[in-house]
Amino acid sequence: ETIPQMLAAAVRDHGDREALVFPEHGLRLTYAEFSDAVDRLATGLLDLGISRGDRVGIWAPNRPEWVLTQFATARIGAILVNVNPAYRVGELEYALRHVGVRCLILADSFKTSNYVNMIQHVAPELAFCAPGALMAPNLPDLRIVVRMGASRSTSGILNFADLAGTPADPARLDAITQTLKADDAINIQFTSGTTGLPKGATLSHRNIVNNGHFVTATIAFTQEDRLCVPVPLYHCFGMVMGVLGCVSKGATMVFPGEGFDPDVVLNAVADERCTGLYGVPTMFSAMLDSQNFLAHDLSSLRTGIMAGAPCPIEVMRRVIDQMHMREVTIAYGMTETSPVSFQSHTDDPLEKRVTTVGRVHPHLEVKLVDEAGHTVPVGATGELCTRGYSVMKGYWGEPAKTAEAVDADGWMHTGDLATLDAEGYCNIVGRLKDMLIRGGENIYPREIEEYLFQHPAVQLAQVFGVPDPKFGEEVCAWVVLKPGASATEDEIRDFIRTRVAHYKVPRHIRFRAELPMTVTGKAQKFLMRKAMIEELG
Ligand code: ATP
Ligand code: MG
């Protein structure tokens, strides 16, 4: 199935049901209205000369135009490029050049970034350009820039509202849509950049349509469900698990705001009577610790997904007990695998649901291997490898990097360490890159983080290794305390000492107001490590 076929099926079966709600924009569209809007925008893109296989970048936080663009590009077979909303000038220029973006659709601004200034910096000729003309010598493919939210157009930049108001030409669109193949590249998604530079994973209709379907099937979603999506659309969690997952069931998507604010999200859940909620673990912690938590009526919630990073057991328990999310599941995945490959089921035993990432998704194969590439015995730790429909086509324009990640037999080497029990439940031990070796002992930061989370004053904790002359590496922890809470380094250390072997007790503990995070809500340990190395000299 292709993405346009998926939307057509939703219109046929659920046309009058609400598809999209953006409370801040006062926007509500049924599936039929949404599909009409997609056709207008798709016709507008065709009129601009965008055709099948062209790369169309979208650089914006969660806004209605994002979802429209996602389906309008797919309708004409153009490849959507998710541009990270946190990018600055240098990263933007690199991404646009690397994948040869022909048309860039951008928001005015997000947080402290002014996107219009940044694009004018990257493409100084922009102001003098007619649409379709070369805009910058270093960006030979970039011909069109479209700005959303603007009341009037700036020179060289087209207006999204004008484009989206083009009279639709369904016959012309259908003729193109019919030629699309499920294996066509349709989306380039950048990884989060948790361990270094983001990588552009090229994904097909088959990859993401199917994964979206299986993700929401696992939480038993139907057309009656209403999902609150505070995770970025830029990332597969938002656009595949959220948007495609909902469209496959005719469910409603509710987008609470452009950036993440715990109270805005909880408000949206209550006002819109959402039945499902997605989030990375840090988002759920922030919601639970919000001063106004008890004021929100969350009784409509039933299920949801926590994913994207290790899900602390404490946080899972509180989500189930305090947020009414009795049927919440954990999912594990990565951008390169569309993304999900493991997910717990709503009817798994509670203990498994809280402590593991569940079992492998349908139609996927899995194995754990040691350094020599041999499969490890049940219960032992190895690198997680997955194979099947969900594995990406490759990293755009980087065959060597692709070959490193996906071997000749089609196995995706995830770079994550895991264990599998006899029933197939998987436990993510941590990233291969994050494991540290102190005095010859392997240490997995995740284990220590779990104990830190049990400390009543701790809101967030990250553990990583720093070089040490005596032991090779030493354990270091960065801790964010709960609002109003206090604790000393020694108190934290004593708390950990009674729970783990002495060599795992963090030697260096630092309290921070916040941690370096990706826009997808993941702590960037490589930046913490760098800062600590500088501090320790
Ligand atoms: P980069 O590859 O650029 O360093 P990234 O790996 O964080 O960034 P993503 O593709 O967004 O980019 O994230 C995938 C990774 O997130 C997985 O490889 C895994 O390490 C982690 N992850 C995802 N879900 C879970 C989970 N439920 N439990 C533990 N880790 C998870
Ligand atoms: Mg990765």
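Both ligands and their constituent atoms are indexed starting at 1 by order of listing. Computed from a prediction, not measured in an experiment: that's the story for all the values here. Values below: all heavy atoms of this structure, side chains included; hydrogens, waters and symmetry mates excluded.
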task: Considering only non-hydrogen protein atoms, determine which one is nearest to atom 17 (C) of ligand 1 and report residue, atom name and distance to 0.1 Å.
output: Asp416 OD2, 3.2 Å
message: If the cut-off is 4.0 Å to any non-hydrogen atom of Pro310, which atoms of ligand 1 fall inside it?
response: 28 (N), 29 (C), 30 (N)
- prompt: Is there at least one pair of N or O atoms, one from Met334 and one from ligand 1, spaced under 3.5 Å apart?
  reply: no
- request: Say whether, by atom type as modelled, one donor and one acceptor occur between the side chain of Asn62 and the main chain of Leu233 under 3.5 angstrom.
  value: yes
field: Polar side-chain atom of Ser290 near backbone of Ala286 as donor-acceptor pair, under 3.5 Å
entry: no
- prompt: Within less than 4.0 angstrom of ligand 1, does Gly333 place any heavy atom?
  reply: yes
- prompt: Hey, what do you get for CD1 (Ile448) to CD1 (Ile443), rounding to the nearest 0.5 Å?
  reply: 5.5 Å
message: For Thr520, which part has a heavy atom under 4.0 Å from ligand 1: side chain, backbone, both, or neither?
response: neither
query: For ligand 1, which part of Ala331 has a heavy atom less than 4.0 Å away: the side chain, the backbone, both, or neither?
result: backbone
statement: Partner of Tyr332 under side chain to side chain contact (heavy atoms under 4.5 Å, CB included), picked from Leu384, Val340, Thr386, is Leu384
field: atom 7 (O) of ligand 1: the protein heavy-atom neighbour that sits closest, reported with distance to 0.1 Å
entry: Thr194 OG1, 2.4 Å
task: Find all atoms of ligand 1 within a distance of less than 4.0 Å from any non-hydrogen atom belonging to Ile330, and give their numbers and elements.
output: 27 (N)
statement: Quick note on ligand 1: atoms under 4.0 Å from a heavy atom of Thr191 include exactly 1 (P), 2 (O), 3 (O), 12 (O)
Asn207 side-chain N/O to Tyr389 backbone N/O, donor-acceptor pair under 3.5 Å: yes
- prompt: Do the ring centers of Trp59 and Tyr115 come within less than 6.0 Å of each other?
  reply: yes
statement: From the list Phe260, Phe255, Phe237, side chain to side chain contact (heavy atoms under 4.5 Å, CB included) partner of Pro230 resolves to Phe260
For atom 2 (O) of ligand 1, closest protein heavy-atom neighbour: Lys199 NZ, 3.2 Å
- request: Check Arg431 against ligand 1 and report side chain, backbone, both or neither, counting heavy atoms closer than 4.0 Å.
  value: side chain
query: Looking at side-chain heavy atoms only, is the closest gap between Glu336 and Thr191 below 4.5 Å?
result: yes
Partner of Asp183 under side chain to side chain donor-acceptor pair (under 3.5 Å), chosen from Arg206, His205, Lys393: Arg206
query: Less than 6.0 Å separating the ring centroids of His455 and Phe495?
result: yes
- prompt: For ligand 1, which part of Met306 has a heavy atom less than 4.0 Å away: the side chain, the backbone, both, or neither?
  reply: neither
query: In the protein, which heavy atom is nearest to atom 22 (N) of ligand 1, and how far is it?
result: Gly308 O, 3.4 Å
message: Give me the nearest non-hydrogen protein atom to atom 16 (O) of ligand 1 as residue plus atom name, then the distance to 0.1 Å.
response: Lys522 NZ, 3.0 Å
- prompt: Taking only heavy atoms of Val357, which atoms of ligand 1 are found under 4.0 Å from at least one of them?
  reply: 27 (N)
message: Below the 3.5 angstrom mark, is there an N/O of His235, backbone or side chain, next to an N/O of ligand 1?
response: yes
statement: re atom 12 (O) of ligand 1, the protein heavy-atom contact at minimum distance is Ser192 N, 3.1 Å
query: Relative to ligand 1, is Thr195 under 4.0 angstrom through side chain, backbone, both or neither, heavy atoms considered?
result: both
query: At what distance, to the nearest 0.5 angstrom, does CG of Leu432 lie from CG of Leu417?
result: 4.5 Å
- request: Quick one: do Asp416 and Arg446 satisfy salt bridge (charged side-chain N to carboxylate O under 4.0 Å, His left out)? Show the steps, please.
  value: CA-CA 12 Å; Asp416 290 310; Arg446 168 82 197 270; over 6 Å; no
message: Heavy-atom pairs closer than 4.0 Å: do any link ligand 1 to the side chain of Thr335, the backbone, both, or neither?
response: both
query: Of the backbone atoms (N, CA, C, O) and the side-chain heavy atoms from C-beta on, which set of Ala309 has a member under 4.0 Å from an atom of ligand 1: side chain, backbone, both, or neither?
result: backbone
